[in-house]
Amino acid sequence: MRRFGVVGRWQAVRIGAALICMLSAAVAMPASARAAELVMLESYGCGWCLRWHAEIGPIYPRTSEGALAPLRRVDLALPWPDDLAGVAKERFTPTFILMDEGREVGRIRGYPGESFFWELLGELMQRMAKEGG
């Protein structure tokens, strides 16, 4: 009887070990290496948020942008996070805020589609690189 379906037992062990190594590396990274993040402001029932999650969400963590600025999801129905106290709140969802070392670099309001999203995010990333040094 095979309990792991398509993934074999040793493959599952290797995947688990890789995940543990990745998590350990993330915790051990200096704060400056984790300083940037892409904050996604979203709300329940937001169709454009769902579209972003369908089109971009699965691949974002595997992109260079996702490695540089991991995604952080913030539900507007919940209390505003303390570490974002200096960031202006937004009513429209989705809104993407590129943060670097606790300061806002820029925003993308709405989801204009996959190609426009990547272009706008690229511009924010370039701005962050210029301002960072």
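The analysis underlying the following values was restricted to heavy atoms, covering all of them including side chains, and did not include hydrogens, waters or symmetry mates. No experiment lies behind these values; they were computed from the predicted model shown.
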Co-members of F116 in a cluster of I, L, V, M, F, W and Y side chains, linked at under 4.5 Å: none

Using the rule that Ile, Leu, Val, Met, Phe, Trp and Tyr join whenever any side-chain heavy atoms are under 4.5 Å apart, tell me whether L71 and L120 fall into a single cluster. yes

Side chains of L84 and I97, heavy atoms from C-beta outward: is any pair under 4.5 Å? no

Would I59 and I108 show up in the same hydrophobic cluster when neighbours are defined by side-chain heavy atoms closer than 4.5 Å? yes

Got a sec, which pairs hit salt bridge (charged side-chain N to carboxylate O under 4.0 Å, His left out) with one end in residues 41-52, sequence neighbours left out? E42-R73, R51-E55

Hey, mind stepping through M128 and L68 against side chain to side chain contact (heavy atoms under 4.5 Å, CB included) and telling me if it holds? CA-CA 11 Å; M128 182 175 67; L68 183 61; 3.6 Å; yes

Got a donor-acceptor contact below 3.5 angstrom from the S43 side chain to the C46 backbone? no

Can you get from V105 to V39 by hopping between Ile, Leu, Val, Met, Phe, Trp and Tyr side chains that sit under 4.5 Å apart? no

Just to verify, which of D75, T95, T93 counts as forming a side-chain contact (heavy atoms from CB on, under 4.5 Å) with C49? T93

Side-chain heavy atoms under 4.5 angstrom apart, residues restricted to Ile, Leu, Val, Met, Phe, Trp, Tyr: same cluster for W118 and M40? yes

Report yes if the side chains of V87 and M99 come closer than 4.5 Å at any heavy-atom pair, otherwise no. yes

E65 vs I56 side-chain heavy atoms within contact, under 4.5 Å: no

From E104 CD over to L98 CG, what is the distance, rounded to the nearest 0.5 angstrom? 9.0 Å

What pair of heavy atoms forms the shortest contact from R127 to G106, and how long is it? NH1-CA, 3.8 Å

Listing request: all ring-ring contact (aromatic ring centres under 6.0 Å, His included) pairs with a residue in residues 59-104, at least two apart in sequence or in separate chains. W52-F96, F96-F117

Under a single-linkage definition using a 4.5 Å side-chain heavy-atom cutoff for Ile, Leu, Val, Met, Phe, Trp and Tyr, are L41 and L124 assigned to the same hydrophobic cluster? no

Looking at E90 and L76, what are the two nearest heavy atoms and their distance? O-CD1, 3.4 Å

Under 4.5 Å between any side-chain heavy atoms of S64 and M125, yes or no? no

